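Values below: all heavy atoms of this structure, side chains included; hydrogens, waters and symmetry mates excluded. The structure displayed is predicted, hence computed values, not measured ones.
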Amino acid sequence: MHTFISISNVMFDRGHERLLQFPRLIVMENGRHHFPFPYQPYTIQEDFMHSLYSALDQGKVGIFESPTGTGKSLSLICGALSWLTDFEANKRREAAALLQEGETALSSPKEEASSQNSSAEPDWITSFVQKKAERDLVSKLKEDELKRKKREERLEVIRNNVQLKYAMKRKSGDEDEAYKLLQLSKEAEADAPASEDDEDLMVEYESDDESKLKSRFCGTEEEEEDELVEEHVTKIYYCSRTHSQLTQFVHEVQKSPFSKDISLVTLGSRQNLCVNEEVRRLGSLQRINDRCMEMQKNKHEKLHHDEEAKRKRGPAKSVCPYNRASALQQMRDEVLGTVHDIEQLLKLGRESRSCPYYASRLSVPPAQLVVLPYQMVLHEATRRAAGIQLNGQVLIIDEAHNLSDTLSCIHSAELSGAQLCRTHSQLSQYAERFKRRLKAKNVMYIKQVLFVIEGLVQVLGGKVGQNPQSQTSQEATEMLTINDFLFKAHIDNINLFKLHKYFEKSMISRKLGGFVEKYAGSGMSVHTPIRSNKENRRIEGLNRYLQSLQSNQSMAPVPPNDQQGSVEVDIVQAASPMMQVEGFFMALTNSNSDGRVVIRKQGTLSESSIKFLLLNPAVPFAQVLKECRAVIIAGGTMQPVSDFKQELLFSAGVEAERITEFSCGHVIPPENLLPIVLCSGPSGQELDFTFQNRDSPRMMDETGRILSNICNVVPGGVVCFFPSYEYSRRIVSHWQSSGVLTRLANKKKIFQEPKKANQVEQVLGEFSRCIERCSLQDGGLTGALLFSVVGGKMSEGINFSDDLGRCVVMVGMPYPNIKSPELQEKMSYLDKHLPHSGGRSPGQALIENLCMKAVNQSIGRAIRHRGDYSSILLCDRRYSRSSTLSKLPAWIRNCTSTHQSFGPAFAAIRKFFVEKKLQSKLQL
């Protein structure tokens, strides 16, 4: 029997004699009338911050739309941190009142309990339990207050005492020298090498009933590191798509009034935060992760006395000199004391000889603002590994216009036939090498993994143990449910949930990666000590087979990877693909109705692939929405919102009452924007860029005439977006042969969007310099013309402000490929699970929404600040439909005009720029 005694907001469970604290929503009913801001905010910024404050205070799911150039990031920062400041102040006041109440209750004599309330137990027992509960409460409150004061005092010292910083750096340098001497002495003491295979031996797998994970880092608990781990405080998690966007956000925080008081930490991958040059040189993320984890294991490994007696003494295993408790503590405090971006974290790590990766993770619990990429917060396993706890916290998802697609991509997985064959070969050789040393349970699970991989290869029409490049099959694509795929692969009798647990606890991916790297990862000859002839033949066979796979793959066409050079591609190929296999196994544990498996046979087994496609992104997002106190989904344009809510929020179980929306206009005056829907060209040709019509010479010539006229009257830069790379190539080729390109080049220098990401900055730089030169000259070229692609590298995140983007031309409507099996399956899923509305099926709405989201992102590249001005030309009669116009952002839609013929549209554009030129002269 449990008797509960309530004191204020705290309840005591008498049955278990423990303190149960239930989180309260501390609501600031009066809200805020003033928000700290680095300058006088615009009215729309004040409205944004008031709405944001209210949403956070009431624990809502907010959808916030604020056009780029309206100070969205600063509004998010100042509104959210104002709420957090008030929340913490209210919580401290409430804790102080509760503490006083508890102390008063302890000091005052208790009234005798009535016989009605104490019929089950004697009065003295009731009084004793209540007194103990009150003492526990008072003790807990005092302890929390003491921790808070110590943390604040420590950060205040870090922020204000510059001399202490230098002293800590000197201390770090002294400790580093001592550490090096200690390592040298340990190496000198070693008199015999240990078995080099020990580090590759798989961890013994135990079930949940047999053991628990021992620590966050690598399996052991050490007093020094326990002291570094702090309790989580109420915080705001801010996530965005790319590291550059996160860096921009951190710079905005540094400019805000909160920069001196906020504790902020930026999270990133080891590849972005590692300062150990030996590890960084490995190149690929997987190899960096494997090497770092190996060093962690070496640091924390403690052998049992019986094992230590049997093992020969040898040189100390390599550990990372940047990962020491004292150095991590110093850097953690430095990170929390001052706002740093990733580049500043790396610099600080090198100066203090400390690891930014682990120091940043140690900073998460006491931090008030955590800045991190999408994947870290939206993927549960990654979230858990990074030490992120969402319970009762605030999550802000910025640049969230493609949130559904992002969730689907993060939780999808793909494997090629070459990867499957390599993994099977590597794991088979591993099992053979260590068969006498692996425990029976390990052997059993390895056999199950090999069996599943073999089934996956057979689904692609191949066999393991043979070169995948030489195995051919007829090209075909097949879409299956998860259950049908498991039956087809004959692996429906395997418990994939148990295999996933095995992957986690045995560290098989890391062990196999180390094994492959040691013997065959780099394509070098196998170096081993004395072995039997049979053993040598076995390892040589593995080496030859892996080298043949790598050489065959290097001869095959490599898909373009814009952010990796050939050297890195080679490194990735040399690593074990077991991590990808593990991800695919996990994907197959989804509900049968929420995912599909696409089987693609591409002629050879090596090029064929199997892909898991997540159809219901609401499933992984539901847990995030459930745990967080409030979730803010923000973007420059979130239109269309209705379908976004239906697919992602309502499907995740969010009630309509919990959802709040905010959308604001732009800070520019209406006369600074001229959006036009153009239905026909100069010769009267109707603009209908459907798939059937867009390749006709007449349509291409008409588009050329439109651009020629536009370039005659628009100064500076013109950015022209095409629906795809292929159509861009075809129309430019046609213009080149017809002479249109020459006429365009006589007015503006022509640039084309590069296919490689590392060339984007170069093209943009030349584009910008050309426009700047033309603005200083009279006559000749009037600027530059940039051919870009919707959904390409310049349609998002690129700033075409001022003269760089005086006119944005959208050629056609960029509908996705309706023949794509994945898209067809997604449409079918939505039609089956979501309600129809407005006479359209959810699948049809998806197609339109994908198109208009891409359009909105592209045309949003211009107009980046209050004084900017630009024209937008939508070249396709289909833009004039009311259903299509309704999906434009309100600040563009409200001043959009539709012209059936080219003459009036051209006159409006010419008048617009003549007036802007006159205004510019008057201002001078």
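Residues satisfying the salt bridge (Lys or Arg N to Asp or Glu O under 4.0 Å) test with Lys887, not counting sequence neighbours, are Glu848. Residues meeting the salt bridge (Lys or Arg N to Asp or Glu O under 4.0 Å) test with Glu343, sequence neighbours left out: none. Every residue meeting the side-chain hydrogen bond (donor to acceptor under 3.5 Å, both in side chains) condition with Lys255, not counting sequence neighbours, appears here in chain and number order: Glu252. Taking the side-chain hydrogen bond (donor to acceptor under 3.5 Å, both in side chains) definition, one finds that Gln393 meets it with nothing, sequence neighbours left out. Residues passing the salt bridge (Lys or Arg N to Asp or Glu O under 4.0 Å) test with Asp868, sequence neighbours excluded: Arg806. Applying the ring-ring contact (aromatic ring centres under 6.0 Å, His included) rule to His833 yields the partners Tyr829; only residues at least two apart in sequence or on another chain are considered. In this structure, the side-chain hydrogen bond (donor to acceptor under 3.5 Å, both in side chains) partners of Lys826, at least two apart in sequence or on a different chain, are Glu647. Scored by the side-chain hydrogen bond (donor to acceptor under 3.5 Å, both in side chains) test, Thr70 finds Ser66 as partners (sequence neighbours excluded). Scored by the side chain to side chain contact (heavy atoms under 4.5 Å, CB included) test, Cys409 finds no partners at all (sequence neighbours excluded). Scanning for salt bridge (Lys or Arg N to Asp or Glu O under 4.0 Å) contacts around Asp594 gives an empty result, with sequence neighbours left out. Under the ring-ring contact (aromatic ring centres under 6.0 Å, His included) criterion, His251 pairs with no residue at all, not counting sequence neighbours.
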Quick one, Lys60 with Glu657, criterion salt bridge (Lys or Arg N to Asp or Glu O under 4.0 Å). Give me CA distance, side-chain angles, the key distance, then yes/no.
CA-CA 8 Å; Lys60 298 276 191 177; Glu657 295 76 18; over 6 Å; no
Report the C-alpha separation of Leu407 and Leu648 in whole Å, then their side-chain angles, then the decisive distance to 0.1 Å, and conclude whether the side chain to side chain contact (heavy atoms under 4.5 Å, CB included) test is met.
CA-CA 10 Å; Leu407 284 162; Leu648 205 56; 3.7 Å; yes
Derivation of the salt bridge (Lys or Arg N to Asp or Glu O under 4.0 Å) call for Lys72 and Glu399:
CA-CA 11 Å; Lys72 171 169 60 73; Glu399 301 296 331; 3.8 Å; yes
Before giving the answer on side chain to side chain contact (heavy atoms under 4.5 Å, CB included), spell out for Val253 and Ile262 the whole-Å C-alpha distance, their side-chain angles and the decisive distance to 0.1 Å.
CA-CA 9 Å; Val253 175; Ile262 191 71; 4.1 Å; yes
Stepwise, does the side chain to side chain contact (heavy atoms under 4.5 Å, CB included) test hold for Tyr869 with Ile668?
CA-CA 8 Å; Tyr869 63 91; Ile668 62 168; over 6 Å; no
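Two residues are said to be in side-chain contact when any heavy atoms from C-beta on lie closer than 4.5 Å; Gln344 and Val339 fail this criterion. Val370 is not listed as a side-chain neighbour of Ile236, based on a closest heavy-atom distance of 4.5 Å or more. When side chains are defined from C-beta on, Leu403 counts as touching Ile397, because their heavy atoms get closer than 4.5 Å. Within the 4.5 Å cutoff, the side chain of Asp398 has no heavy atoms near those of the Ile632 side chain. The closest side-chain heavy-atom distance from Arg384 to Glu380 is below 4.5 Å. Taking 4.5 Å as the limit, every side-chain heavy atom of Thr266 sits out of range of all side-chain heavy atoms of Tyr238. At least one side-chain heavy atom of Cys78 sits less than 4.5 Å from a side-chain heavy atom of Pro257. Looking only at side-chain heavy atoms (C-beta outward), Phe37 and Met49 come within less than 4.5 Å of each other.
In this structure, Arg361 CZ and Ile388 CD1 are separated by 7.5 Å, a value rounded to the nearest 0.5 Å. Atom CG of Leu345 is separated from atom CD1 of Ile342 by 7.0 Å, given to the nearest 0.5 angstrom. Atom CD1 of residue Ile892 and atom CG of residue Asn856 lie 6.5 Å apart, to the nearest 0.5 angstrom. The distance from atom CD of Gln254 to atom CG of Asp341, rounded to the nearest 0.5 Å, is 6.0 Å. With rounding to the nearest 0.5 angstrom, the CD1 atom of Ile863 is 7.0 Å from the CD1 atom of Ile872. The distance from atom CG of Leu264 to atom OG of Ser259, rounded to the nearest 0.5 Å, is 10.5 Å.
The shortest non-hydrogen separation linking Ser75 to Leu52 is O-CD2, 3.9 Å. In this structure, Arg629 and Phe87 approach most closely via the heavy-atom pair NH1-CE1, 3.5 Å. Val265 and Ser360 make their closest contact through CG2-O, 3.4 Å (heavy atoms, listed as atom of the first residue, atom of the second, distance). Lys645 and Ile659 make their closest contact through CD-CG2, 3.9 Å (heavy atoms, listed as atom of the first residue, atom of the second, distance). Here the shortest heavy-atom pairing between Pro373 and Leu246 reads N-CD1, 3.6 Å. Across Leu804 and Val719, no two heavy atoms sit closer than the pair O-CG2, 3.9 Å.
Under the 3.5 Å distance criterion, the side-chain polar atoms of Arg893 are matched with a main-chain donor or acceptor of Leu888. Between the side chain of Arg658 and the backbone N or O of Gly59 there is at least one donor-acceptor pair closer than 3.5 Å. When atom types are taken as modelled, the side chain of Arg350 and the backbone of Val275 share no donor-acceptor pair closer than 3.5 angstrom. Between the side chain of Tyr322 and the backbone N or O of Leu328 there is no donor-acceptor pair closer than 3.5 Å. A donor-acceptor pair under 3.5 Å links the side-chain atoms of Ser256 to the main chain of Phe258, judged by distance alone. Checking side-chain atoms of Glu661 against main-chain N and O of Ile63 turns up no donor-acceptor pair under 3.5 Å. When atom types are taken as modelled, the side chain of Asn272 and the backbone of Gly268 share no donor-acceptor pair closer than 3.5 angstrom. In this structure, the side chain of Ser870 engages the main chain of Gly805 through a donor-acceptor pair within 3.5 Å. Side-chain N or O atoms of Arg383 include one that pairs as donor or acceptor with a backbone N or O of Val377 at under 3.5 Å. Side-chain N or O atoms of Glu351 include none that pairs as donor or acceptor with a backbone N or O of Leu348 at under 3.5 Å.
For Gln623, the CD atom sits in a packed shell: over 12 heavy atoms of surrounding residues, nucleotides or ligands are nearer than 6.0 Å.
Side-chain atoms of Gln58 and Ser54 include a donor-acceptor pair closer than 3.5 Å. Defined by atom type and a distance below 3.5 Å, a donor-acceptor pair is present between the side-chain atoms of Tyr53 and Asp86.
Between His50 and Phe35, the distance from one ring center to the other falls under 6.0 angstrom.
Note on Lys91 versus Glu88: salt bridge recorded, some NZ/NE/NH1/NH2 to OD/OE distance being below 4.0 Å.
Listed by first and then second residue, the ring pair (Phe, Tyr, Trp, His ring centres under 6.0 Å) pairs involving residues 640-667 are Phe48-Phe662, Phe64-Phe662, His666-Trp891 (not counting sequence neighbours).
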